[in-house]
Amino acid sequence: MFTPDALPMNMQTKIVPDGECWEWVGAKISTGYGSLTNGQRGSVLAHRKSYEIVVGPIPEGLTIDHLCRNRACINTDHLEPVTNAENTRRAAALRTHCAKGHPFDGDNVRVQVRKNGWRQRICVTCARVTGSPHMRRVRAESKAA
């Protein structure tokens with residue numbers, strides 16, 4: 001079980017319990033991840049530093065996934081080293097709507113499998129809107145030829 005006592009005092013003063021999460025309230029980068037100085041004119045992500053202090057080194061080639069999906073959380077019980085592909089897959093699986101707000105459900109979702117095997121959900125509503133001008137142009141060009 002994670003306790004902030006294992007962290008250095010400069011980190012302990014920048015966390016606040018929020019339910020099961022230990023919310024980083026210090027500096028954050030634009031994407032919402034906590035950040036702190038590495039002591040050498042640089043910075044390190046707070047959740048990675050927390051993991052390294054409490055658990056140990058992050059295995060080579062792996063990234064840290066927030067199981068709680070809270071980017072500001074530094075609770076090591078909520079952090080798991082995974083491949084970048086797995087981290088991306090987990091995040092995508094939780095998305096219920098496209099970027100424009102249309103739901104990924106029923107007839108409004110199509111799964112596209114890319115050449116590399118990656119599966120991507122496509123919003124049918126958005127595909128119709130963005131595809132229409134292209135298809136009109138293709139049809140017009142084929143009629144002109």
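When a residue number appears, it is its place in the shown sequence, counting from 1.
The hydrophobic cluster containing Leu36 also contains Val55, counting ILVMFWY residues as joined when their side-chain heavy atoms lie under 4.5 angstrom apart, directly or transitively. Both Met11 and Tyr51 are part of a single hydrophobic cluster, where members link through side-chain heavy atoms under 4.5 Å apart. In this structure, Leu79 is not a member of the same hydrophobic cluster as Leu67, with clusters built from ILVMFWY side-chain heavy atoms closer than 4.5 Å. Under a hydrophobic clustering in which Ile, Leu, Val, Met, Phe, Trp and Tyr are joined whenever their side-chain heavy atoms come within less than 4.5 Å, directly or via other members, Ile74 and Ile64 fall into the same cluster. Under the 4.5 Å side-chain heavy-atom criterion for Ile, Leu, Val, Met, Phe, Trp and Tyr, Ile58 and Ile53 are members of the same hydrophobic cluster.
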(request) Would you sort out whether Thr63 and Thr83 count as a side-chain contact (heavy atoms from CB on, under 4.5 Å), showing the intermediate values? (result) CA-CA 6 Å; Thr63 189; Thr83 63; over 6 Å; no
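Here the shortest heavy-atom pairing between Lys100 and Cys126 reads CG-SG, 3.6 Å. For Trp24 against Gly34, the heavy-atom pair with the smallest separation is CD1-CA, 3.2 Å. For the residue pair Leu94 and Arg69, the shortest heavy atom distance occurs at CD1-CD, 3.2 Å. The two residues Ile122 and Ala127 come nearest to each other via the heavy atoms CG2-CB, 4.1 Å.
Its side chain outside the 4.5 Å cluster rule for every partner, Val113 clusters with none of the Ile, Leu, Val, Met, Phe, Trp and Tyr residues.
For Arg89 and Glu86, the salt-bridge test passes: some basic side-chain N is under 4.0 Å from an acidic carboxylate O.
Taking CZ of Arg90 as the reference point, atom CZ of Arg95 lies at 14.5 Å (rounded to 0.5 Å). Of the inter-residue distances, the one linking Leu45 atom CG with Ile29 atom CD1 reads 5.0 Å to the nearest 0.5 angstrom. Once rounded to the nearest 0.5 Å, the distance linking SG of Cys123 with CZ of Arg128 reads 9.0 Å.
Within the 3.5 Å criterion, the main-chain N or O of Asp77 finds a donor-acceptor partner in the side chain of Asn75. For Thr88 (side chain) and Asn84 (main-chain N/O), a donor-acceptor pair under 3.5 Å exists by modelled atom type. In terms of modelled atom types and a separation under 3.5 Å, the side chain of His47 and the main chain of Arg71 share no donor-acceptor contact. For Asp18 (side chain) and Trp22 (main-chain N/O), no donor-acceptor pair under 3.5 Å exists by modelled atom type. Judged by distance alone, the side chain of Glu23 and the main-chain N or O of Val16 form no donor-acceptor pair under 3.5 Å. Of the possible polar contacts, one joining the Asn108 side chain to the Pro103 backbone as a donor-acceptor pair under 3.5 Å is found.
For Arg121, the side chain to side chain donor-acceptor pair (under 3.5 Å) test picks out no residue, with sequence neighbours left out.
For the pair Thr76/Ser50, a side-chain contact is recorded, criterion being any heavy-atom separation below 4.5 Å from C-beta on. Between Cys21 and Asn70, the closest side-chain pair of non-hydrogen atoms falls below 4.5 Å. Counting heavy atoms from C-beta outward, Val124 and Val109 have side chains that stay 4.5 Å or more apart. Taking the side chain as every heavy atom from C-beta outward, Tyr33 and Lys28 never approach each other to under 4.5 Å.
Residue-environment remark: CG (Asn38) exceeds the threshold of 12 foreign heavy atoms within 6.0 Å.
Within the structure, the ring pair (Phe, Tyr, Trp, His ring centres under 6.0 Å) test picks out no pair touching residues 75-114 (sequence neighbours left out).
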